[in-house]
Amino acid sequence: VATTTTTTPLGTNYGSYRKTSTFNAPPPRSHRSNEVRRGRGDVERAASPPGEINNHTPSRLPKDKRLAKDSVNDVINNESRTDENNTAGAAKSSSSPPPSSAIHNFAPRISVVGIGGAGGNAVNNMIRRGLTGVDFLAMNTDSQHLSTVLAESRLQIGVELTNGLGCGANPDAGRQAAEESRDEIVSALSPSHMVFITAGMGGGTGTGAAPVVAELCYNANILTVAVVTKPFLFEGKHRMRLAEEGLERLRDVVDTLIVIPNQNIFAMIDHTTSFRDSFALADDVLLAGVRSITDLMTSPGYINLDFADVQTVMHGMGNAMLGTGEAEGGDRATEAAMQALTNPLLGHMEIGTAKGMLVNITGGDDMTLFEVERAAQTICESVEDDTANIIFGSSHDAEMEGHIRVSVVATGIEETPTRN
């Protein structure tokens, strides 16, 4: 477990924060540039060394020496074969891509940060499910729980404030712990281009520290997306009030916010579903969202999307929804698209009000152009705003033979009130 050193001593001890249950006023939202970071993405071509012209004409023989007819033929045949090999090599080199040293390889760095107990559990779920292409970071004030996280990078925050014993369900203690360790947080996340922050709202560390971490990323011009959960109704009004306060502060310092009410899990389970499997459903929303974005930028496809496309749809867009659908059979394209548009866990979101949408359609060798058009048409018809920015991508996966998967990231969604 990594330890941190406090650079600025806190003027108040931890005990005074345990009596506080409300947030301090949030800092003013800073303005960030819409400019896409492209510094390391520029393509450079190395200067090709001047080629050497090989003259294969046999040199003239001295007058005082003569070669037999067979020897002369051997020389000519050998030189002809050399010419053919050189010609074939030149043709092969002209049709092959340039050497990798001529292009600066650039891949956007995506980090998933799990804050608190719920955030650490979500990170463990993604690691167990084999998610690749991202960097994982877990941070917590509870050293005991932090030691159970599978991520290679772990950061214990607020060491002097909490002594590794947690925040006692006090968001102000979680906020102070993150501020104590802000230098270590900035150092760990500064190389990132996009950060997913996951936490559970209503407790101490996640509710208090998540807005601080998000603000540090936001001010560093890192595309910041938060995927957080709200408490069950049976957890009480006090915990729900703390969660709402945390969400209000978080909403001001992220580009896109995805909220998963735990109460909606009941709509997807029955009496035989285990407690562990029930919470895994909420964790899978984050897993599907991160995987859909990484697949868009890393998997080979017929319609490629890059990080700039992702930033266009998700920068400063507020409420968002993630959905994934997979189907087989004759009408698999339409069925997969409809599944992606209807996520029971995010039932309070009206996807028709979306202002931006990122769509990825994945299939095997048997996926046809008509099926791609049918899935795209289904997505477009669900959006009410004619000016909505919808960006499509299509990738190929040999293991998807017989199936089609549609992933949707819808942003700028208006939140509709719900009834308990």
Side-chain angles (χ1 to χ4, degrees), residues 1-2 4 23 110-127 134-159 161-162 164-189 192 194-218 220 222 224-231 239 242-243 245-260 262 279 282-283 285-287 289-290:
V1 177
T4 60
F23 279 98
I110 302 175
S111 298
V112 177
V113 183
I115 305 176
N121 293 337
V123 167
N124 282 342
N125 178 65
M126 286 185 284
I127 294 176
V134 300
D135 298 327
F136 293 103
L137 172 64
M139 58 181 69
N140 204 340
T141 57
D142 185 353
S143 60
Q144 183 177 3
H145 186 274
L146 188 62
S147 63
T148 65
V149 180
L150 303 177
E152 294 183 1
S153 300
R154 294 175 289 184
L155 177 61
Q156 183 179 347
I157 59 176
V159 175
L161 181 69
T162 67
L165 302 178
C167 292
N170 188 339
D172 281 329
R175 175 178 56 82
Q176 291 291 337
E179 291 176 349
E180 176 188 322
S181 306
R182 62 188 300 127
D183 291 338
E184 290 79 4
I185 296 172
V186 170
S187 177
L189 295 177
S192 302
M194 182 177 187
V195 170
F196 284 90
I197 296 175
T198 177
M201 295 287 103
T205 304
T207 309
V212 176
V213 176
E215 185 180 15
L216 294 175
C217 297
Y218 192 90
I222 299 173
T224 309
V225 180
V227 183
V228 297
T229 59
K230 290 176 63 175
R239 194 174 182 89
L242 294 180
E245 292 174 357
L247 287 173
E248 285 302 314
R249 186 166 184 231
L250 189 61
R251 186 173 282 109
D252 290 333
V253 290
V254 297
D255 287 294
T256 302
L257 177 64
I258 300 168
V259 181
I260 306 172
N262 282 338
F279 278 97
D283 292 338
V285 174
L286 175 62
L287 172 65
V290 176

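Note: hydrogens, waters and symmetry copies are ignored here, and every other heavy atom, side chains too, is used.
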Quiz item: Would a 4.5 Å heavy-atom cut-off, applied to side chains only, mark L257 and V228 as touching?
Solution: yes
Quiz item: Mind checking whether V225 and M194 have side chains closer than 4.5 Å, heavy atoms only?
Solution: yes
Quiz item: Would you call R251 and E248 a salt bridge, taking side-chain N to carboxylate O under 4.0 Å as the test?
Solution: yes
Exercise. With the side chain counted from C-beta on, respond yes when F279 and N121 share a heavy-atom pair under 4.5 Å apart, and no when they do not.
Key: no
Practice problem: Spell out, as yes or no, whether a donor-acceptor pair under 3.5 Å connects the side chain of R175 to the backbone of V212. | Solution: no
Self-check item: NZ/NE/NH1/NH2 to OD/OE distance under 4.0 Å, R249 and E245
Solution: no
Exercise. Under the side-chain contact (heavy atoms from CB on, under 4.5 Å) rule, what do L137 and D135 come out as? Steps first, then yes or no, please.
Key: CA-CA 7 Å; L137 172 64; D135 298 327; over 6 Å; no
Self-check item: Minimum side-chain heavy-atom gap E180-Q176 below 4.5 Å
Solution: no
Exercise. I would like to know whether I197 and T224 meet side-chain contact (heavy atoms from CB on, under 4.5 Å); could you show each step before the answer?
Key: CA-CA 8 Å; I197 296 175; T224 309; 4.0 Å; yes
Quiz item: Would you say the side-chain atoms of S187 pair up with the backbone N or O of D183, donor to acceptor, closer than 3.5 Å?
Solution: no
Practice problem: Evaluate the side-chain proximity of V213 to L189: yes if any heavy-atom separation is below 4.5 Å, no if none is. | Solution: yes
Quiz item: Hey, does I260 have a side-chain heavy atom less than 4.5 Å from the side chain of V227?
Solution: yes
Quiz item: Is it true that the side chains of T141 and T162 contain a donor and an acceptor less than 3.5 Å apart?
Solution: no
Practice problem: Rounded to the nearest 0.5 Å, what's the gap from CD1 on I127 to CG on N125? Could you check? | Solution: 9.5 Å
Quiz item: Would you say V259 and M201 make side-chain contact, with heavy atoms under 4.5 Å?
Solution: no
Quiz prompt | Shortest non-hydrogen contact between Q156 and S181, atoms and distance | solution = O-OG, 4.3 Å
Practice problem: Using a 4.5 Å cut-off on heavy atoms from C-beta on, say whether the side chain of D142 contacts that of T205. | Solution: no
